[in-house]
Amino acid sequence: MTELQQSVVASETGEPQTQAESGPPPHERILRVIIPLVMLGGLIALWAWYVKAYNVPHYILPGPDLVAQAMVRDWGVLGPALLVTLTITFEALAIALVGGVLIAILFASSRWVEIALSPYMVILQVTPIIAIAPLILIYTSTTQQALLICAWIVAFFPVLSNTTQGLKSTDHNLLNLYELYGASRWQTLFLLKLPAALPYFLTGLRIAGGLALIAAVVAEFAAGSAGAGSGLAFRLLESQYRLNIPRLFAALILLCATGVAIFGATSLLSHLLLRRWHESAIRREN
């Protein structure tokens, strides 16, 4: 394997690391942070001006100050609900990642398995989760299990689809090179196919992260669960029924911030893993 690894490294890399390590200029990095923050501040200021200028009642559109007060005042309710939603989201995402990658490897290894199972994976994906959530609630012992299954169903397919495509997109010349040097199937999988599929997997991860959060919220809307184990979705419904619109906006902002944080974390992970070698992350010289 030493000769095989040296040949692959020589053919793929050769030492062109200076371009990858350069990255964007410092002033561009600063602008990427400042411009969205300025835009956000402008939108909040416009929101506050509109509410005050037109005397909009707080039960229709509360001002940002009332929403901030509700966030602080009701954190004892919103905080635990956020933790419940995050727990379901990340557990579903973790199961989707493990299951999606394993089944993608199985699909890439056996064409007959892919032909047999892929139609059912597609059916599972295209069926609206809101339609099957009541059935899942009936067949599971607890509401939390039902929410986890719903979130997993939605997050699973992007990981499976993207990882399978990545494994199939491995350079055929490199596959021939591995065969020439007598590499085993496991060596080819771990040293060539999985690294080649990494950009596709990370794309699926970014999609699945947001979808897992959406599915957890939609499933809780369908469940309508109350009590200590309630997530942010139920708090949204509760605030709507009680006409507590500032709390509703606070819960909505927490959901939006959670989605942005998940996308930012997965994007950062993708950048860190790909910045030194993949074309999508390397900055062009011209």
Side-chain angles (χ1 to χ4, degrees), residues 40 43-44 47 51 57-97 128-156 158 205-268:
L40 177 62
L43 290 175
I44 294 175
W47 174 14
V51 171
H58 68 86
Y59 53 84
I60 295 179
L61 179 63
D65 54 336
L66 291 179
V67 175
Q69 292 173 12
M71 184 85 71
V72 175
R73 182 182 63 251
D74 299 332
W75 183 251
V77 173
L78 296 177
L82 175 62
L83 183 60
V84 170
T85 301
L86 285 177
T87 301
I88 295 172
T89 299
F90 286 117
E91 286 180 354
L93 184 59
I95 298 172
L97 292 181
I129 193 64
I130 193 67
I132 61 176
L135 289 175
I136 296 174
L137 286 165
I138 293 174
Y139 297 136
T140 51
S141 56
T142 65
T143 302
Q144 298 304 313
Q145 290 180 3
L147 299 180
L148 181 60
I149 293 173
C150 291
W152 168 79
I153 289 175
V154 176
F156 169 74
L205 173 62
R206 284 200 298 271
I207 298 171
L211 289 180
L213 176 63
I214 294 171
V217 172
V218 171
E220 191 162 355
F221 276 138
S225 60
S230 301
L232 277 176
F234 175 76
R235 297 305 171 190
L236 280 169
L237 292 175
E238 180 188 44
S239 301
Q240 177 187 356
Y241 295 148
R242 297 183 178 183
L243 291 181
N244 191 346
I245 308 304
R247 181 194 284 185
L248 187 151
F249 270 78
L252 183 60
I253 289 173
L254 284 177
L255 281 175
C256 293
T258 301
V260 171
I262 292 174
F263 181 82
T266 53
S267 298
L268 177 61

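Everything numeric in this text was worked out from a predicted model, so none of it was measured. Just so it is clear, the values below take in all heavy atoms, side chains as well, and ignore hydrogens, waters and symmetry mates.
Considering only heavy atoms from C-beta on, L66 stays 4.5 Å or farther from V51 through its side chain. Side chains of I149 and Y139 form no contact here, defined as non-hydrogen atoms less than 4.5 Å apart. In this structure, the side chains of V218 and V154 stay at 4.5 Å or more apart for every pair of heavy atoms. Between L254 and M71, some side-chain heavy-atom pair lies under the 4.5 Å cut-off.
Among all heavy-atom pairs drawn from P158 and L211, the shortest one is CG-CD1, 3.7 Å. The shortest non-hydrogen separation linking L137 to A146 is CD2-CB, 3.5 Å. In terms of heavy atoms, A215 sits closest to C150 at CB-O, 3.8 Å. When all heavy atoms of A251 and L236 are compared, the closest pair comes out as CB-CD2, 3.8 Å. Looking at every heavy atom in both residues, A216 comes nearest to A151 through N-CB, 4.1 Å.
Between the CD1 atom in I129 and the CD1 atom in I153 there is a gap of 4.5 Å [rounded to 0.5 Å]. The CD1 atom of I138 sits 12.5 Å away from atom CD1 of I132, with the distance rounded to the nearest 0.5 Å. Distance check: I136 CD1 to W152 CH2 gives 9.5 Å after rounding to the nearest 0.5 Å. The CD1 atom of I245 lies 7.5 Å from the CZ atom of F249; values are rounded to the nearest 0.5 Å. A distance of 6.0 Å separates CG of N244 from CG of D74, quoted to the nearest 0.5 Å.
Listed by chain and residue number, nothing satisfies the side chain to side chain donor-acceptor pair (under 3.5 Å) test with Q240 (two or more places apart in sequence, or in another chain). Listed by chain and residue number, R235, R242, R247 satisfy the salt bridge (Lys or Arg N to Asp or Glu O under 4.0 Å) test with E238 (two or more places apart in sequence, or in another chain).
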Anything under 3.5 Å between a donor and an acceptor, one on a side chain of residues 58-65, the other on a protein residue two or more places apart or in another chain? List them.
none

Exercise answer: donor-acceptor pairs, residues 77-93 side-chain atoms, under 3.5 Å, sequence neighbours excluded:
| residue | atom | partner | partner atom | Å |
| --- | --- | --- | --- | --- |
| T85 | OG1 | A81 | O | 3.2 |
| T85 | OG1 | L232 | N | 3.0 |
| T87 | OG1 | L83 | O | 2.7 |
| T89 | OG1 | T85 | O | 2.8 |

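Pairs engaging residues 257-266 under the side-chain hydrogen bond (donor to acceptor under 3.5 Å, both in side chains) rule: none recorded [sequence neighbours left out].
Distance alone, capped at 3.5 Å, is enough to place a donor-acceptor pair between the E220 side chain and the G231 backbone.
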**Report entry** side chain to side chain contact (heavy atoms under 4.5 Å, CB included) between F263 and L213, intermediate numbers included
**Finding:** CA-CA 11 Å; F263 181 82; L213 176 63; over 6 Å; no

